[in-house]
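First up is the structure itself, then whatever we jot down about it.
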Amino acid sequence: MSNQNYLNSLNTVQKDAVTTLNGPVLVIAGPGSGKTRVLTYRIAHILQSGISADRILSLTFTNKAAKEMQERIHSVVGASANGIWAGTFHSLFSRILRMEAHHIGYSTSFTIYDTEDSKNVLSALIKELNLDKETYQVNNLRNRISAAKSALVTPTMYEANAEFLKQDKAAGRPMIATLYRKYTERCKRAGAMDFDDLLYRLYELLQRNPENILDKYREKFKYVMVDEFQDTNHLQYAIIRKLVHFEGSSRNICVVGDDAQSIYSFRGATIQNILDFENDFKPFGIQVFKLEQNYRSSEEIVQAANVLIQHNTKQIQKKIWSHKGAGHKIKVIRSVSDSEEGKQVINTLTELRNRYHLSFSDIAILYRTNAQSRVFEEYCRRENIPYKVYGGLSFYQRKEVKDLIAYLRVIINPSDDEALKRIINYPRRGIGDTSIQKMLQMSAEKEIPLWEVVKVEGINNQKAPKLLKQFVEMILSFTEKKDTENAFDLATLAAKQSGLIDLLKADGTPEGVSKVENVNALLDAVKNFVDEDESDQLDGQLDKSLVSFLQSIALYTDMDDKEAGDETVTLMSVHSAKGLEFKAVFVTGLEENLFPSHMSMDTTEGLDEERRLFYVAITRAETFLTISYSLSRYKFGQMKYSEMSRFLEELPGEYLESTSPMRSNNRSVQTTSTVTGFAPNTRKPLSKMPDKFNAEDFKASPPETLSPGMTVLHQKFGIGKITKIDGGRDNRVATILFKDIDEPERRLMLKFAKLQIIPQ
DNA sequence: GTTGGTATCTGTGGA
DNA sequence: AGATACCAAC
């Protein structure tokens, strides 16, 4: 075909990966190795070979990545890229499911339950079955059900599996199988799918294969590509395999991944998929390409990352090297508190920005947990630095927004119990908890959606409370209009008639005002959706329905509207930063029990994944990498000591700034620092020690009342004797000999340490 | 049925 | 600290 100039900008391996179109291909792509470029050019190459766009399936992890890819393909091949199936697993599969819904007993307008909805269903079930909610924690339960689905275990299979039952019984939770079944029934009855169902139901559909549906999609998707393959789970791979791995298939599949960047095992992702892929497709001439040249980062960053990841035992061997040469060394910042960490990070950020003329959008602050964003936000505001926090609570998860969405959901799908429960008495219309409970009970007994009960009670019941009747009539009046009015008019009507807008307007507080703004913003979003003429185009069809809007926002994350032009500093979790790059990156909170997370520290596998996460974090940086940690941090309103993360010790000293405060690397700062020895190496003794000092009768004595010779109680270290106090004013440091710990002598700063005097 | 106060608890990450 | 769950009083 015509223009293949794009091939000239690729290195040899990249070119091979782009041009090997037929047969199975595995690309192992290190960070910054031009993976996106390879994927886009590959698609362009397929298109230029004369394949039409709608026969290409390209699965990515985020909508943003999909969008970016679409745009880049467009810029290479123009309009012939229209109609390509590029998107996330969840969004593309939900589209297929909508088209095929009738085959699996769902309506085209099925609802997507988000995490909150799922949890509510489970809570309700636990209550109904009179189970102890301590024993059956919803989070736990949800994870277990999710894991079951991801492992292709149906409720029936679960109930028949002696091993699962035995495990659950041993754990004192014999009802999990029942809960899984009932949860599945409830979702089905509500015409709802949770996130896992979007994958699972598709698998089920392809498996059952009604009307030879499988052949249709096998025939359709001639070329399949999967990005971030290391983060797919068993279920996702099973679907992919169904689509491409069959007798007579040309098996034109290309998966791209990096085992070193696998960070989603908590939702079932497994690098086993990479190994399985190799085995499954070996008989069919699989070709493996390794992209090892890093175009993103300086040598210091790439080398530090290489050394770090060497600490993981299991990995696919590869040597990532930088073409950029040496640059700036990695800076490490230590601070005494989380607040000071915020201050120092922002100071360093400003310094860097001024000295190297960086733009705000060149800079990112990354952290392990979303809760850490607060101090950085605070100091950004203080210093007038424009910033945007990604992740955490997205716009569509705010209460007032979800409330209006719940109205829309009920209009589209009245069986959606979770949405109905949310709005039946909001705004308050006198339908109290007692009557709601009664109706819920009836719905459970008759195994029908709540709406059916509400409708009967509200309309047919002679003694129907007037208020309930009014509610039903209102909803019915909305539903009537759903086929004639457009999505925007319908949503506006619902917002007004329900009294939602008036209720929020009546609240004059700043929060109230912002809520009104958010509801209006949602209405704007609906309007945009209706007016837009390009997006959501699939196989030539434009879908402007409210259903389509609701499904798109159910899968929306605020990462999706990250624009390159935004002149703001980026604040996000390391997980969210996957796939992104910045000139300057701050990786914060490098502390034991935080990064690595205390959740993952017990097992080698857990630790390895945390290390990969840190690997992902540092390889986001192109030129400037700064790592920070703090010696104390507030957790649940309580100050806790923390110590430097083991990962910092694993970084090679030669790539760090010489002034870096690294304890074990024996740097000069260490001996002069006033805080040295203040977060001692207590890793093992601490985790082993029982929590016996956490008694609620602990009451810290005022620091000024403490003096040498006194016996004191510390919540973690236990009972000890103060041997001396030195330092002046607000920097007084006590040396205490604790009797029950391995390294008994501790130096604690009195302004931080909570000590209770034990009278002798 | 509603309101407002207090007790309780938070186990990371996210489609 | 901050959200949520639960309970007593209106």
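Residue numbers begin at 1 in each chain, while the letters A, B, ... track the order of the sequences.
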- [ ] Using only side-chain N and O atoms of A:His575, determine if any of them is under 4.0 Å from OP1 or OP2 of B:dT12.
- [x] no

TODO: Whole angstrom is fine here: how far is it from CZ in A:Phe595 over to P in B:dT12?
DONE: 15 Å

Open item on the list: Can you measure A:Glu116 atom CD to C:dT4 atom C1' for me and round it to whole angstrom units?
Closed with: 12 Å

- [ ] Check every strand shown and say whether A:Gly391 touches a base, only sugar-phosphate, or nothing at a heavy-atom separation below 4.0 Å.
- [x] nothing

Task: Close aromatic pair by centroid cut-off 6.0 Å: A:Phe61 and A:Phe89 - done: no

Task: 5' precedence on DNA chain B between A:Ile431 and A:Asp196 (nearest-nucleotide basis) - done: A:Ile431

- [ ] Could you check whether A:Arg633 gets within reach of a base, just the sugar-phosphate, or nothing at all, counting any heavy atom under 4.0 Å?
- [x] nothing

Task: 5'-most by nearest nucleotide on DNA chain B - A:Asn139 or A:Arg429 - done: A:Arg429

- [ ] Taking the six-membered ring for Trp and the full ring for Phe, Tyr or His, determine whether the centres of A:Phe376 and A:Tyr387 are under 6.0 Å apart.
- [x] no

TODO: Tell whether A:Thr115 reaches the base of B:dA15 with its side chain through a donor-acceptor pair below 3.5 angstrom.
DONE: yes

TODO: Mind calculating the distance between CZ (A:Arg267) and C1' (B:dA15) to the nearest angstrom?
DONE: 5 Å

TODO: Quickly work out the A:Leu202 CG to B:dA15 C1' distance and round it to whole Å.
DONE: 15 Å

- [ ] Identify whether any heavy atom of A:Asn425 sits under 4.0 Å from a base atom; if not, whether one sits that close to sugar-phosphate; answer base, sugar-phosphate or nothing.
- [x] sugar-phosphate

Open item on the list: Measuring from the side chain of A:Phe636 (C-beta onward, heavy atoms only), which nucleotide among B:dG11, B:dG13, B:dT10 has the closest atom?
Closed with: B:dT10

Open item on the list: What contact category does A:Arg374 fall into here, base, sugar-phosphate, or nothing, at under 4.0 angstrom with non-hydrogen atoms?
Closed with: sugar-phosphate

Open item on the list: Does B:dG14 have OP1 or OP2 under 4.0 Å away from a side-chain N or O of A:Ser573?
Closed with: yes

Open item on the list: Looking at A:Glu418 and A:Lys119, is any side-chain nitrogen of the basic one under 4.0 Å from a carboxylate oxygen of the acidic one?
Closed with: no

Task: Residues A:Glu68, A:Lys64: salt bridge by 4.0 Å N-O rule - done: yes

- [ ] Decide, applying a 5.5 Å centre-distance limit and a 30° plane-angle limit (both strict), whether A:Tyr264 stacks on B:dG13.
- [x] no

Open item on the list: One thing to verify: whether A:Asp259 and A:Arg612 come together as a salt bridge, which I'm taking to mean a side-chain N less than 4.0 angstrom from a carboxylate O.
Closed with: no

- [ ] Indicate, with a heavy-atom threshold strictly under 4.0 Å, whether A:Ser435 touches base, sugar-phosphate, or nothing.
- [x] sugar-phosphate

Open item on the list: Tell me whether the side-chain N/O atoms of A:Thr434 come closer than 4.0 Å to OP1 or OP2 in B:dG1.
Closed with: yes

Open item on the list: Counting the atoms with a prime plus P, OP1 and OP2 as sugar-phosphate, which does A:Asn370 contact under 4.0 Å by heavy atoms, base, sugar-phosphate, or nothing?
Closed with: sugar-phosphate

- [ ] Could you tell me the separation between the CZ atom of A:Arg611 and the P atom of B:dT12, rounded to a whole number of Å?
- [x] 21 Å

TODO: Mind checking A:Thr557 for me? I need base, sugar-phosphate or nothing, with any heavy atom below 4.0 Å counting as a touch.
DONE: sugar-phosphate

Open item on the list: Please check: side-chain N/O of A:Asn312 versus main-chain N/O of A:Lys314, any donor-acceptor pairing under 3.5 Å?
Closed with: no

- [ ] Take atom CG of A:Asp608 and atom C1' of B:dT12, then tell me their distance rounded to the nearest Å.
- [x] 17 Å

Open item on the list: Counting the atoms with a prime plus P, OP1 and OP2 as sugar-phosphate, which does A:Ser91 contact under 4.0 Å by heavy atoms, base, sugar-phosphate, or nothing?
Closed with: nothing

Open item on the list: At less than 3.5 Å, do the side-chain atoms of A:Thr369 and the base atoms of B:dT12 form a donor-acceptor pair?
Closed with: no

Task: Short N-O contact, A:Glu340 and A:Lys343, less than 4.0 angstrom - done: no

- [ ] Write down the distance between CG (A:Asp197) and P (B:dA15), rounded to a whole number of angstrom.
- [x] 17 Å

Open item on the list: Distance check, P atoms only: B:dG13 and C:dT4, in whole angstrom units.
Closed with: 15 Å

TODO: Take atom CE of A:Met639 and atom P of C:dA1, then tell me their distance rounded to the nearest Å.
DONE: 13 Å

Open item on the list: So if I take every side-chain heavy atom of A:Glu609 and compare against B:dG14, B:dG13, B:dT12, which nucleotide ends up nearest?
Closed with: B:dG13

TODO: Report yes if the ring of A:Phe266 lies under 5.5 Å from the six-membered base ring of B:dT12 with planes under 30°, and no otherwise.
DONE: no

